[in-house]
There are 2 protein chains.
Amino acid sequence: MKNSLKVWRAKKDITQEQLAMEMEVTRQTINAIERGKYDPSIKLAFKMARFFECSIEDIFFYE
Amino acid sequence: MKNSLKVWRAKKDITQEQLAMEMEVTRQTINAIERGKYDPSIKLAFKMARFFECSIEDIFFYE
DNA sequence: ACATAATGTCATGTTTACTTTACATTGTGA
DNA sequence: TCACAATGTAAAGTAAACATGACATTATGT
């Protein structure tokens with residue numbers, strides 16, 4: 001599973017830490033997901049999509 | 001998090017067990033998700049959306 | 001060059017998605 | 001009614017998402 005989190009974050013010009021606060025997770029979680037270390041939970045994915053005003057499929061790519 | 005899995009399953013007229021086999025998870029996992037016992041992983045959500053030819057947001061509802 | 005912000009990374013622990021096994025209940029067709 | 005398919009449920013274990021704390025590396029501005 002890949003993602004374009006870094007791009008969406010760049011669009012809003014916010015840091016990993018700022019996004020982490022908005023999502024109510026830690027900076028390490030954002031960093032790990034962004035670097036593909038593991039996938040987000042569906043709840044976090046929904047939260048991100050809502051924050052970036054897009055769909056989950058716009059951020060995360062399955063296969 | 002709510003979902004309309006039961007409806008999508010009804011549309012395709014398949015059992016929990018058949019869906020489980022398609023998704024490569026157990027029947028209990030499908031049952032638990034359908035009954036709201038816990039949320040699917042984002043991978044499983046993607047797999048379901050692909051199977052039902054819709055978006056994740058068409059099946060799962062956040063808040 | 002230096003300070004500091006941002007990001008990368010690692011170890012340890014908790015929570016939750018998911019498995020396995022097993023049994024109970026409900027629906028359905030003959 | 002009776003067999004059996006489908007669904008509900010529960011205990012115990014595994015795997016992966018996420019937390020916490022700590023430290024290292026890489027930007028970036030002055």
Side-chain angles (χ1 to χ4, degrees):
Chain A
M1 175 109 86
K2 297 199 171 181
N3 69 76
S4 55
L5 247 186
K6 199 171 183 173
V7 176
W8 285 98
R9 203 162 53 72
K11 276 188 192 172
K12 283 228 173 186
D13 192 28
I14 56 173
T15 67
Q16 291 183 346
E17 185 142 41
Q18 287 172 328
L19 179 58
M21 288 198 307
E22 293 282 352
M23 299 298 102
E24 295 176 295
V25 295
T26 64
R27 178 180 69 82
Q28 286 84 342
T29 292
I30 299 297
N31 184 271
I33 292 170
E34 208 163 283
R35 304 191 60 258
K37 205 170 176 188
Y38 51 69
D39 299 327
S41 67
I42 195 172
K43 279 184 185 174
L44 181 49
F46 261 109
K47 233 175 169 179
M48 286 178 170
R50 187 161 297 180
F51 179 74
F52 290 120
E53 296 174 286
C54 65
S55 72
I56 289 177
E57 290 87 347
D58 286 333
I59 310 176
F60 300 96
F61 315 106
Y62 182 64
E63 279 186 23
Chain B
M1 175 108 85
K2 296 198 171 183
N3 69 76
S4 56
L5 247 186
K6 200 171 182 174
V7 176
W8 286 98
R9 201 162 53 72
K11 276 187 192 172
K12 283 228 174 188
D13 192 28
I14 57 173
T15 67
Q16 291 183 346
E17 185 142 42
Q18 287 172 328
L19 179 59
M21 288 197 308
E22 292 282 352
M23 299 299 102
E24 295 175 295
V25 294
T26 62
R27 178 180 69 80
Q28 286 82 344
T29 292
I30 299 297
N31 185 272
I33 292 170
E34 207 163 285
R35 303 192 60 257
K37 203 171 178 186
Y38 50 70
D39 299 326
S41 67
I42 195 172
K43 279 184 185 173
L44 181 49
F46 261 110
K47 232 175 169 181
M48 285 179 173
R50 185 160 300 180
F51 179 73
F52 290 120
E53 296 175 284
C54 65
S55 72
I56 288 176
E57 290 88 348
D58 286 333
I59 309 176
F60 299 97
F61 315 107
Y62 182 63
E63 278 185 23

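Residue numbers start from 1 in every chain, and the chains themselves are labelled A, B, ... in the order their sequence lines are given, proteins ahead of strands.
- Distance B:M21 CE to D:dA6 C1': 13 Å, rounded to the nearest Å.
- Of the two residues contacting DNA chain D, namely B:E34 and A:K37, the nearest-nucleotide position lying further toward the 5' end is that of B:E34.
- Atom CG in A:D39 sits roughly 13 Å away from atom C1' in C:dA17 (whole-Å rounding).
- Here C:dT7 presents its C1' atom at 14 Å from CG of A:L19, a figure rounded to the nearest Å.
- Phosphate contact (OP1/OP2 of D:dT7, side-chain N/O of B:N31, threshold under 4.0 Å): absent.
- Ranking C:dT19, C:dT9, C:dA6 by closeness to the B:T26 side chain, first place goes to C:dT19.
- Paired with B:E63 under the rule salt bridge (Lys or Arg N to Asp or Glu O under 4.0 Å), one option of A:R50, A:K43, A:K47 passes, and it is A:R50.
- To the nearest 0.5 Å, atom CD1 of residue B:I56 and atom CD1 of residue B:I42 are 5.5 Å apart.
- Rounded to an integer number of Å, the gap from CZ of B:R35 to C1' of D:dT7 is 9 Å.
- The nearest whole Å value for the distance from the NZ atom in A:K47 to the P atom in D:dC18 is 11 Å.
- Proximity of B:Q18 to the phosphate of D:dA6: no side-chain N or O atom is located under 4.0 Å from OP1 or OP2.
- For the pair B:I30 CD1 and D:dT7 P, the interatomic distance rounds to 11 Å; values are reported in whole Å.
- Look at CD1 on B:I33: it is 15 Å from P on D:dT7, rounded to the nearest Å.
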Pull out every protein N or O sitting under 3.5 Å from an N or O of nucleotides 22-26 of chain D, one pair per line with the distance.
{"unit_1": "D:dA22", "atom_1": "N6", "unit_2": "A:Q28", "atom_2": "NE2", "d": "3.1"}

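- Residues satisfying the salt bridge (charged side-chain N to carboxylate O under 4.0 Å, His left out) test with B:E34, not counting sequence neighbours, are B:R9.
- Taking only side-chain nitrogens and oxygens, B:T29 comes nearer than 4.0 Å to OP1 or OP2 of C:dT19.
- Hydrophobic cluster membership is shared by A:Y38 and A:I30, with clusters built from Ile, Leu, Val, Met, Phe, Trp and Tyr side chains linked at under 4.5 angstrom.
- The closest donor-acceptor contact from the side chain of B:N3 to the backbone of B:I33 lies under 3.5 Å.
- By the salt bridge (charged side-chain N to carboxylate O under 4.0 Å, His left out) test, B:K6 pairs with no residue at all, sequence neighbours left out.
- A parallel orientation is assigned to the rings of A:F46 and B:Y62, their planes being inclined by less than 30° (bins at 30° and 60°).
- One finds no side-chain N or O of B:S41 lying less than 4.0 angstrom from the OP1 or OP2 phosphate oxygen of D:dA17.
- Taking atom CD on B:Q16 and atom P on D:dT9, their separation rounds to 11 Å, with Å as the unit.
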